[in-house]
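By convention here, the first residue in the shown sequence is residue 1. In this text the structure is predicted, and so the values were computed from the model without any measurement. Because only heavy atoms are used, hydrogens play no part in the values below, and waters and symmetry mates are left out as well, while side chains stay in.
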Amino acid sequence: MAIAAAASKICALVPVKRLGWAKSRLAPHLTARERNVLAEAMLRDVLDVLSRTPELTAIAIITSDPAVATIADSCGARVTRLARSSGGR
């Protein structure tokens, strides 16, 4: 019974770096704007899939990017905002 109760409180925890720093290895092939758009689309896809996963009771995003926080808020995810970091991770 305790295992069933614990299983009903599964949360997805998703760390997301600043969109402007995402997909930097694609820099030789995509502009900064294109990488930003790609990262945002990927984030929205992940949030969409997670929101349709019935086993999850919550989705939490950890980020220092206000744009990511806004997207997560609009998808109903909980947001933990980190202080702005100086690195890409």
Side-chain angles (χ1 to χ4, degrees):
M1 188 72 148
I3 292 174
S8 67
K9 299 203 184 239
I10 300 172
C11 299
L13 180 61
V14 185
V16 182
K17 69 171 71 173
R18 297 181 70 78
L19 292 177
W21 295 336
K23 305 297 165 205
S24 60
R25 287 181 277 181
L26 292 174
H29 310 287
L30 300 175
T31 67
R33 176 72 183 134
E34 290 169 328
R35 293 190 315 270
N36 191 303
V37 168
L38 175 61
E40 181 178 332
M42 292 174 73
L43 172 61
R44 289 182 184 279
D45 285 347
V46 167
L47 290 171
D48 178 56
V49 170
L50 291 175
S51 70
R52 291 184 288 117
T53 303
E55 295 84 5
L56 294 176
T57 58
I59 302 166
I61 303 295
I62 300 174
T63 189
S64 63
D65 189 334
V68 170
T70 299
I71 293 165
D73 281 336
S74 73
C75 293
R78 297 176 186 174
V79 178
T80 297
R81 289 174 176 84
L82 299 175
R84 185 172 181 177
S85 67
S86 59
R89 303 194 197 283

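- Between the CG atom in Leu82 and the CD1 atom in Ile62 there is a gap of 6.5 Å [rounded to 0.5 Å].
- Linking ILVMFWY residues whenever their side-chain heavy atoms come closer than 4.5 Å, directly or via other members, leaves Val37 and Leu43 in distinct clusters.
- With rounding to the nearest 0.5 angstrom, the NZ atom of Lys17 is 7.5 Å from the NZ atom of Lys23.
- Across all their heavy atoms, Ser51 and Ile59 have their closest contact at N-CD1, 3.6 Å.
- A continuous path of hydrophobic side-chain contacts links Ile61 to Leu56 [ILVMFWY only; heavy atoms under 4.5 Å].
- Of all heavy-atom pairs between Ala77 and Leu47, the closest is CB-CD2, 4.4 Å.
- Between Ser64 and Ala83 the shortest heavy-atom distance is CB-O, 3.6 Å.
- Cluster partners of Met42, by chain and number: Leu26, Leu30, Leu38. The rule joins Ile, Leu, Val, Met, Phe, Trp and Tyr whenever side-chain heavy atoms lie under 4.5 Å apart.
- The minimum heavy-atom distance between Ile71 and Glu40, with the atom names listed, is CD1-CG, 3.5 Å.
- The hydrophobic cluster around Val79 extends to none of the other residues, as no ILVMFWY side-chain heavy atom falls under 4.5 Å of it.
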Arg52 and Asp48: CA distance, side-chain angles, deciding distance, salt bridge (charged side-chain N to carboxylate O under 4.0 Å, His left out) verdict: CA-CA 6 Å; Arg52 291 184 288 117; Asp48 178 56; 2.9 Å; yes
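- In terms of heavy atoms, Asp73 sits closest to Arg81 at OD2-NH2, 3.0 Å.
- A 4.5 Å side-chain heavy-atom check between Val16 and Asp65 finds every atom pair outside the cut-off.
- Of all non-hydrogen atoms in Gly20 and Asn36, the two that sit nearest each other are N-ND2, 3.9 Å.
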